[in-house]
Asker: 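Input: one structure, supplied below.
Note: hydrogens, waters and symmetry copies are ignored here, and every other heavy atom, side chains too, is used. Predicted model only: the values in this text are computed from it and were never measured.
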Amino acid sequence: MNAQPPVGDSSRPLSVFGGGGARPRVAVVGASGYAGGETLRVLAGHPGLEVTTVTAHSSVGRRLSEVAPHLDLGRDLELVATTTENLAGHDVVVLALPHGQSGTIAAELRERDPDVLVLDLGADHRLESPQDWEDYYRSEHSGTWTYGMPELPLHHGPGGAARQRELLRGAREIAVPGCNATAVTLALVPLVRAGLVDPLALGAVLPVGYSGAGRSPKQHLLLSEGIGGAAPYGVGGTHRHIPEILQNLRRAAGIDDARLTFTPVLVPMSRGILAVATAPAAPGIGEDDLLAAFAADYGQEHFITVLPSGSFPSTQQVVGANTVRIGATVDRRSGTVTVISAIDNLVKGTAGAAVQSLNIALGLPEATGLTRTALAP
């Protein structure tokens, strides 16, 4: 159930961004962290973009080879301070900062250069509701940007848009989705849209890898603390990706209300998310109905693979790939639908989604620099 790579809007020449036919210049802010480093890894294989600046905070003055020796951009860049002066003159700026830190620098960048394409890997610009932001993040809302989930179907998109992809073309401010939100949203949206499950009783438990917690050293993230065990967090409706997922369901299905019990669980793997989503099935619903709903919404999507009946994904199948793999079934005894989706939290959950979205925004073929092929073993 895979389509050819989307072509994108090729009518817009790259030279308008880079000048004189040069490749667009990219700066990555927060390059020493996991999200920033993974963005650099993906961009290293991108033929249409050139990374020219990397910024950091505590690692300023060090070479990229010191903080991320696995990366090869063709030259060993020095990490510089995150200032508008250092970011000026770039065509694309990727903000890989902790939540709550992107708003100020983004506003300064937009004021200085309205044409620069800015992508925020943090949560600052994902939510449409200022109240949702204040409830979950306890700070002032920074505004809402175009959401970077191209595959999200829209119930009533602006201007008649059928998918979020259409709204990304020509965008200059892109909010990259949360990794957990990506896994759960894409697992549930087709079934809620088709009326196959009860949207008021959605549940999701997600084993997640430790890289999702970032690179900063913390006691509970040490190998000796985490190895051989599993630890839940964000329990009881407190996780910050909940309003983002519910927002996506409203936009995709046109429903006024949905309720989600959402529990992520840290497990001893470096990367990956296995979202196990459940919901009461509508009367008479069978597995064929589920697969038909997924085919209707994702049958032409290059980076979404819906598995055949009886097959379910694992995180090993998506490591390093910009891919979502989904399996679904119905427990007839309990009347419950189970959908399992697997993503690499650092690729499709973060850096891959960013590059996929910026490709669309720049008029490049959507799949440029991205792969569906995972690493194994």
Asker: Working to the nearest 0.5 angstrom, can you tell me the gap between R325 CZ and S314 OG?
Answerer: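 If we round to the nearest 0.5 Å, R325:CZ and S314:OG are 7.5 Å apart.
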Asker: So does R112 have more than 12 non-hydrogen atoms from other groups sitting under 6.0 Å from CZ?
Answerer: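 Yes, because the 6.0 Å sphere around CZ of R112 holds more than 12 heavy atoms from other groups.
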Asker: With a 4.5 Å cut-off on side-chain heavy atoms, are T368 and P47 touching?
Answerer: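 They are in side-chain contact.
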Asker: Donor-acceptor pair, distance only, cut-off 3.5 Å: does the side chain of D91 make one with the backbone of R25?
Answerer: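 Checked: pair present.
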Asker: Side-chain donor-acceptor pair under 3.5 Å between T144 and H125, yes or no?
Answerer: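 No, because no side-chain N or O of T144 sits under 3.5 Å from a partner of the opposite role on H125.
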Asker: Distance from E108 atom CD to T82 atom OG1, nearest 0.5 Å?
Answerer: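 If I round to the nearest 0.5 Å, the distance is 11.0 Å.
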Asker: Is any side-chain heavy atom of N359 closer than 4.5 Å to one of H46?
Answerer: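 Counting from C-beta outward, H46 and N359 do come under 4.5 Å.
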Asker: For a quick check under 3.5 Å, do H141 and D124 share a side-chain donor-acceptor pair by atom type?
Answerer: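 Side-chain D/A pair, H141 to D124: absent.
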Asker: Specify the closest pair of heavy atoms between P268 and G229, including all atoms of both residues, with the distance to one decimal.
Answerer: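 Nearest heavy atoms, P268 then G229: CD-O, 3.0 Å.
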Asker: Atom CD in Q317, atom OG1 in T323: separation rounded to 0.5 Å?
Answerer: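 The OG1 atom of T323 is 10.5 Å from CD of Q317, to the nearest 0.5 Å.
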Asker: Answer yes or no: is there an ion pair linking R165 with E301, defined by an N-O contact shorter than 4.0 Å?
Answerer: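 So R165 pairs with E301 through a salt bridge.
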Asker: Is V355 linked to L119 within one hydrophobic cluster, defined over Ile, Leu, Val, Met, Phe, Trp and Tyr using a side-chain heavy-atom separation of less than 4.5 Å?
Answerer: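 They do share one cluster, since a chain of ILVMFWY contacts under 4.5 Å joins V355 to L119.
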Asker: Supply the atom-to-atom distance F303 CZ to L186 CG, rounded to the nearest 0.5 angstrom.
Answerer: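 Spacing of CZ (F303) from CG (L186) equals 13.0 Å.
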Asker: What residues join V205 in its hydrophobic cluster, counting side-chain heavy atom gaps under 4.5 Å, either direct or through other members?
Answerer: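 V265, V267, M269, listed by chain and number.
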Asker: Answer yes if the side chains of S65 and D76 hold a donor-acceptor pair under 3.5 Å, and no otherwise.
Answerer: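 Side-chain D/A pair, S65 to D76: present.
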Asker: Assigning hydrophobic clusters by single linkage (Ile, Leu, Val, Met, Phe, Trp, Tyr; side-chain heavy-atom cutoff under 4.5 Å), is V306 placed with V330?
Answerer: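 Yes, V306 and V330 fall within the same hydrophobic cluster.
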Asker: Of the options Q356, Q164, H302, which is the one that meets E151 in a side chain to side chain donor-acceptor pair (under 3.5 Å)?
Answerer: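 Only one option passes, and that is Q356.
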Asker: Please report the C-alpha distance between R63 and L79 in whole Å, then the side-chain angles of each, then the deciding distance to 0.1 Å, and finally whether the side chain to side chain contact (heavy atoms under 4.5 Å, CB included) criterion is met.
Answerer: CA-CA 6 Å; R63 292 285 176 181; L79 291 155; over 6 Å; no
Asker: Between I255 and V192, is the side chain to side chain contact (heavy atoms under 4.5 Å, CB included) condition met? List the steps.
Answerer: CA-CA 9 Å; I255 56 177; V192 174; 3.8 Å; yes
Asker: Hey, could you give me each pair passing salt bridge (charged side-chain N to carboxylate O under 4.0 Å, His left out) that has a residue in residues 226-251? Not counting sequence neighbours.
Answerer: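 Sorted result for residues 226-251: R126-E244, E128-R251.
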Asker: Can you give me the closest heavy-atom contact between G61 and E78, atom names plus distance?
Answerer: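 Minimum heavy-atom contact is CA-OE2, 3.6 Å.
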Asker: I'd like to know whether V26 forms a side chain to side chain contact (heavy atoms under 4.5 Å, CB included) with L358, so could you lay out the CA-CA distance, the side-chain angles of the two residues, the decisive distance to 0.1 Å, and finally the verdict.
Answerer: CA-CA 11 Å; V26 181; L358 76 83; over 6 Å; no
Asker: Say whether, by atom type as modelled, one donor and one acceptor occur between the side chain of T182 and the main chain of G178 under 3.5 angstrom.
Answerer: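 Side chain of T182 to backbone of G178, a donor-acceptor pair under 3.5 Å: yes, one is there.
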Asker: Given a cutoff of under 4.5 Å between side-chain heavy atoms of I, L, V, M, F, W and Y, with clusters grown through shared members, what are the other residues clustered with L97?
Answerer: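 Reading the cluster by chain and number, L97 sits alongside V29, L87, V93, L95, I105, L109, V116, V118, W145.
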Asker: Which atoms form the tightest heavy-atom contact between S341 and I326, and what is the distance?
Answerer: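 Minimum heavy-atom separation between S341 and I326: CB-CG1, 3.9 Å.
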Asker: Under 3.5 Å, is there a donor on one side chain and an acceptor on the other for T336 and D331?
Answerer: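 The answer is no; no qualifying pair exists.
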Asker: Taking the side chain as everything from C-beta on, heavy atoms only, tell me whether S129 gets closer than 4.5 Å to P243.
Answerer: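 S129 vs P243: side chains apart.
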Asker: With sequence neighbours excluded, what pairs up with E166 under the salt bridge (charged side-chain N to carboxylate O under 4.0 Å, His left out) test?
Answerer: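 E166: no salt bridge (charged side-chain N to carboxylate O under 4.0 Å, His left out) contacts found.
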Asker: Compare every heavy atom of C179 with every heavy atom of T350, then report the nearest pair and how far apart it is.
Answerer: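 Heavy atoms only, the tightest pair is OG1-CB, 4.5 Å.
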Asker: Among residues two or more places apart or on two chains, list those pairs meeting side chain to side chain donor-acceptor pair (under 3.5 Å) that have a residue in residues 188-209.
Answerer: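 Only R193-D297 qualify under side chain to side chain donor-acceptor pair (under 3.5 Å).
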Asker: Answer yes or no: are there more than 12 heavy-atom neighbours, outside D288 itself, under 6.0 Å from its atom CG?
Answerer: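 No, because the 6.0 Å sphere around CG of D288 holds 12 heavy atoms or fewer from other groups.
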Asker: Can you find a heavy atom in the side chain of T52 that is under 4.5 Å from one in the side chain of R75?
Answerer: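 The answer is yes; the side chains approach within 4.5 Å.
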Asker: Do F312 and T329 pass the side chain to side chain contact (heavy atoms under 4.5 Å, CB included) test, and can you show the C-alpha distance, the side-chain angles, and the key distance before you say yes or no?
Answerer: CA-CA 9 Å; F312 300 94; T329 192; 3.9 Å; yes
Asker: Is the shortest side-chain heavy-atom distance between I340 and L274 below 4.5 Å?
Answerer: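 Side-chain contact under 4.5 Å: yes.
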Asker: So does Q131 get a backbone contact from the side chain of E134, meaning a donor-acceptor N/O pair under 3.5 Å?
Answerer: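 Looks like no, no N/O pair under 3.5 Å.
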Asker: Can you list every pair that meets salt bridge (charged side-chain N to carboxylate O under 4.0 Å, His left out) and has a residue in residues 264-278, with sequence neighbours left out?
Answerer: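 For residues 264-278, and leaving out neighbouring residues, the salt bridge (charged side-chain N to carboxylate O under 4.0 Å, His left out) pairs sorted by first residue read E38-R271, R271-D344.
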Asker: Any side-chain donor-acceptor pair under 3.5 Å between W133 and S139?
Answerer: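 A pair is found: one side chain offers a donor N or O, the other an acceptor, under 3.5 Å apart.
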Asker: Would you call D132 and Y137 a side-chain contact if the rule is heavy atoms closer than 4.5 Å?
Answerer: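 D132 vs Y137: side chains apart.
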Asker: Hydrophobic clusters here meaning ILVMFWY residues chained together by side-chain heavy-atom distances under 4.5 Å, can you tell me if L291 and V276 are in one?
Answerer: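 As far as the 4.5 Å side-chain criterion goes, V276 and L291 are not connected within one cluster.
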Asker: Checking N345 side chain against G272 main chain: does a donor-acceptor pair fall under 3.5 Å?
Answerer: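 Yes; judged by distance alone, with no hydrogens or angles, the pair exists.
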Asker: Rounded at 0.5 Å granularity, tell me how far CD1 in I360 sits from CG in L168.
Answerer: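 CG of L168 is found 5.0 Å from CD1 of I360.
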Asker: Quick one: do V318 and V42 end up in the same hydrophobic cluster if we chain Ile, Leu, Val, Met, Phe, Trp and Tyr together by side-chain heavy atoms under 4.5 Å apart?
Answerer: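 No; V42 is not reachable from V318 via cluster members.
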Asker: Going only through I, L, V, M, F, W and Y residues with side-chain contacts under 4.5 Å, is there a path from V347 to V28?
Answerer: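 Shared cluster, no.
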Asker: Search all heavy atoms of A282 against all heavy atoms of I285 and return the closest pair with its distance.
Answerer: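 In terms of heavy atoms, the two residues are closest at O-CG1, 3.0 Å.
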Asker: Please indicate whether E111 has more than 12 foreign heavy atoms, meaning atoms of other residues, nucleotides or ligands, lying under 6.0 Å from its CD.
Answerer: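 Counting other residues, nucleotides and ligands, CD of E111 stays at 12 neighbours or fewer.
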Asker: Find out whether L64 and L73 are in side-chain contact, i.e. whether some heavy atom of one side chain is under 4.5 Å from a heavy atom of the other.
Answerer: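 Yes, at least one pair of side-chain atoms sits under 4.5 Å.
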Asker: Looking only at heavy atoms, which two atoms of P150 and E366 are closest? And how far apart?
Answerer: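 Nearest heavy atoms, P150 then E366: CB-OE2, 3.7 Å.
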Asker: Side chains of Q247 and L127: does their closest heavy-atom pair fall under 4.5 Å?
Answerer: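 A side-chain contact exists here, since the closest heavy-atom pair is under 4.5 Å.
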Asker: Kindly say whether the aromatic ring centers of H241 and Y136 come within a distance under 6.0 Å.
Answerer: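 Centroid distance H241-Y136: not below 6.0 Å, so no.
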Asker: Has R259 got a side-chain atom pairing as donor or acceptor with L200's backbone, closer than 3.5 angstrom?
Answerer: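 Judged by distance alone, no pair lies under 3.5 Å.
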Asker: Just verifying a value: how many Å separate F294 CZ and I304 CD1, rounded to the nearest 0.5 Å?
Answerer: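 So the CZ of F294 and the CD1 of I304 are separated by 9.5 Å.
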